[in-house]
Amino acid sequence: MKLCSTLLLLLLVLCLTLFFSEPSLAEEEQEEEAIISRFQQYLRINTSQPSPDYAQAADFIAGQAKSLSLEFQTLEFVKGKPLVLLKWPGSDPSLPSILLNSHTDVVPSETHKWAHPPFSAHLDSSGDIFARGSQDMKCVGLQYLEAIRRLKALGFRPIRPVYLSFVPDEEIGGHDGAEKFAESEAFEKLNVGIVLDEGLPSLDENYRAFYTERCPWWLVIKAIGAPGHGAKLYDNTAMENLLKSIESVRKFRASQFDLVKAGLKTEGEVVSVNMAFLKAGTPSPTGFVMNLQPSEAEAGFDIRIPPTADPESLERRIAEEWAPASRNMTFTFIQKNSVLDKSGKPLLTATDSSNPWWNLLEEAVKKANGKLGKPEIFPASTDARYFRDQGLPAIGFSPMANTPILLHDHNEFLNKAEYLKGIEVYESIIKAYASYTQHARSDGSKDEL
Ligand SMILES: *[C@@H]1O[C@H](CO)[C@@H](O)[C@H](O)[C@H]1NC(C)=O
Ligand SMILES: *[C@@H]1O[C@H](CO)[C@@H](O)[C@H](O)[C@H]1NC(C)=O
Ligand SMILES: [Zn+2]
């Protein structure tokens with residue numbers, strides 16, 4: 001009899017605990033709906049270049065900060081281009097902080113080519129949310145905030161300070177946004193130890209993380225030669241000399257692309273070269289003069305070089321093969337980003353045991369039941385380079401698995417379930433990062449004991 005009543009009591013306690021601790025299905029659904037609705041609100045703000053509505057985006061972020069009791073301030077390095085900085089104070093402010101970065105602007109869209117308008121944030125029956133910025137990268141900005149919302153609800157207290165920066169202008173180079181921020185006194189005062197920034201979706205189940213990115217070199221080569229009659233065959237015309245160069249650029253491009261096609265290298269690991277323009281010919285009212293060989297011809301190339309490549313050998317190739325003075329050719333760079341940071345080290349974030357932040361990320365993703373692929377080189381540019389340029393470790397990471405890569409494309413979307421899963425992943429990462437108490441040097445490596 002005694003045993004029986006004890007058992008009954010135990011059962012009662014168990015039932016009560018289950019009833020009060022587990023949110024009911026209806027509550028969970030309600031919470032999910034609220035999360036998706038906040039994401040949609042952010043997506044509906046038209047922050048499209050070339051005239052993003054930054055004021056409305058800043059208001060929205062400030063509203064979120066208030067609802068989460070986070071400190072916030074607006075920095076304006078350039079008038080009309082607000083950067084909203086949020087802070088979740090840590091219990092040990094002497095430790096280097098964590099910076100979670102995201103950009104608020106998006107690229108333009110060809111609205112009529114979309115199935116659902118790009119600022120409608122339409123949620124279809126399969127759970128896909130269509131919007132410009134759903135992948136790049138309003139998802140990440142709000143996932144940071146939702147993860148913090150959950151951690152706060154669970155009573156988690158960070159030891160390191162956690163900052164969130166919502167920066168303008170990434171899509172037009174970040175010069176008035178992340179670049180000025182990273183170089184500012186305000187930034188220095190944050191004593192940042194690690195930066196998280198954007199990555200890319202993955203077609204399979206593995207999340208992708210990026211430890212560096214390729215640097216853009218925008219090259220213009222120019223040929224000059226004697227003009228002549230369109231009927232005459234003679235050597236060293238500007239067009240002939242330029243065509244010889246284009247031939248060797250094409251050969252180099254193919255050799256790099258073949259490495260990717262053969263699976264020997266990833267897209268980010270090779271040097272890419274693509275022709276951006278060709279400029280030659282003598283204009284006439286109906287088009288071009290056809291019986292004249294022009295005395296000048298130019299071509300422009302978008303080159304992307306990984307920090308793991310040898311920039312000097314590429315420069316030699318340009319000077320000797322692509323624009324040789326012996327063929328009366330010249331070249332200029334419209335842009336030529338260095339593969340080195342301001343202290344002369346390659347712009348790479350370590351992915352071995354020397355960088356505790358990398359291991360913490362790997363473990364945290366695993367803990368959230370996610371999988372992380374091999375570290376990669378981001379094929380294009382992101383704001384992360386401005387932080388790496390300061391000698392800081394920066395990891396590019398957007399938790400989107402099983403998702404087609406639609407950044408800058410028509411019908412950009414993110415599935416609701418993937419978005420929610422990403423919040424759990426950030427919850428795990430932020431918890432691990434903000435609880436990490438070992439001192440780390442500003443370059444992310446561990447202190448020698
Ligand atoms: C969004 O803003 C851009 C200007 O940056 C404008 O061209 C576009 O029409 C706007 N889209 C909508 C749906 O209002
Ligand atoms: C270079 O230009 C000079 C002067 O116009 C010309 O005489 C010479 O043939 C050109 N050489 C080549 C290789 O184009
Ligand atoms: Zn982006």
Side-chain angles (χ1 to χ4, degrees), residues 39-61 80-84 99-122 129-144 164-179 181-182 195-202 207-210 212-214 216 267-268 304 376-388 394-400 403-414 419 422 426:
F39 185 31
Q40 287 173 310
Q41 279 176 55
Y42 188 32
L43 291 171
R44 286 180 185 138
I45 302 171
N46 185 352
T47 51
S48 172
Q49 293 291 354
S51 46
D53 190 344
Y54 282 140
Q56 209 189 329
D59 277 353
F60 176 78
I61 303 297
K81 298 187 174 185
L83 181 160
V84 188
L99 178 67
L100 307 172
N101 185 62
S102 68
H103 61 82
T104 54
D105 61 326
V106 299
V107 288
S109 333
E110 293 174 68
T111 306
H112 59 283
K113 295 188 180 159
W114 285 57
H116 310 284
F119 296 101
S120 64
H122 176 83
I129 303 165
F130 289 84
R132 177 58 89 218
S134 54
Q135 294 190 4
D136 182 13
M137 65 176 296
K138 286 178 169 168
C139 50
V140 171
L142 273 208
Q143 280 168 323
Y144 295 150
L164 289 87
S165 46
F166 291 82
V167 306
D169 274 12
E170 192 276 344
E171 297 294 2
I172 53 167
H175 306 297
D176 292 344
E179 184 171 18
F181 177 48
V195 182
L196 289 188
D197 196 18
E198 68 189 306
L200 291 173
S202 138
Y207 290 128
R208 305 170 71 182
F210 300 85
T212 186
E213 60 191 41
R214 294 195 297 192
E267 194 192 351
R304 304 287 168 136
E376 293 179 65
I377 300 176
F378 199 93
S381 302
T382 70
D383 279 339
R385 71 184 183 280
Y386 299 123
F387 303 112
R388 291 196 190 103
I395 301 172
F397 179 72
S398 300
M400 296 180 277
T403 300
I405 302 166
L406 294 169
L407 293 89
H408 301 202
D409 205 338
H410 307 315
N411 296 316
E412 182 180 347
F413 74 83
L414 180 58
Y419 178 74
Y426 277 123

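Numbering of ligands and ligand atoms starts at 1, following listing order. Numbers here are sequence positions counted from 1.
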Task: Rounded distance [0.5 Å steps], CG in L414 versus CE in M137 - done: 12.5 Å

Task: Residue, atom name and distance, where the atom is the protein heavy atom closest to atom 8 (C) of ligand 1 - done: N46 ND2, 3.7 Å

Task: ligand 1 versus P50: contacting region, heavy-atom distance under 4.0 Å - done: both

Open item on the list: Can you report which non-hydrogen protein atom sits closest to atom 4 (C) of ligand 1, along with the distance?
Closed with: S51 OG, 3.3 Å

Open item on the list: Has E412 got a side-chain atom pairing as donor or acceptor with S134's backbone, closer than 3.5 angstrom?
Closed with: yes

Open item on the list: If you consider just the N/O/S atoms, which atom of E198 is the closest one to the Zn ion (ligand 3)?
Closed with: OE1

TODO: Please could you name the atoms of ligand 1 that S48 approaches to less than 4.0 Å, counting only its heavy atoms?
DONE: 5 (O)

Task: D136 CG to D409 CG distance, which is reported to the nearest 0.5 Å - done: 11.5 Å

- [ ] Return the residue, atom name and 0.1 Å-rounded distance of the protein heavy atom closest to atom 13 (C) of ligand 1.
- [x] F119 CD1, 3.9 Å

TODO: Please find out if the Zn ion (ligand 3) and some N, O or S atom of E170 are separated by less than 2.8 Å.
DONE: no

TODO: Please name the residue in the list H103, Q56, K138, R132 that meets the side-chain hydrogen bond (donor to acceptor under 3.5 Å, both in side chains) test with T47.
DONE: K138

TODO: Establish, from distance only, whether the side-chain atoms of N101 and D197 form a donor-acceptor pair under 3.5 Å.
DONE: yes

Open item on the list: Any N/O/S atom, side chain or main chain, of D136 closer to the Zn ion (ligand 3) than 2.8 Å?
Closed with: yes

Open item on the list: So which atom in P201 and which in Q135 form the shortest heavy-atom distance, rounded to 0.1 Å?
Closed with: CG-OE1, 3.3 Å

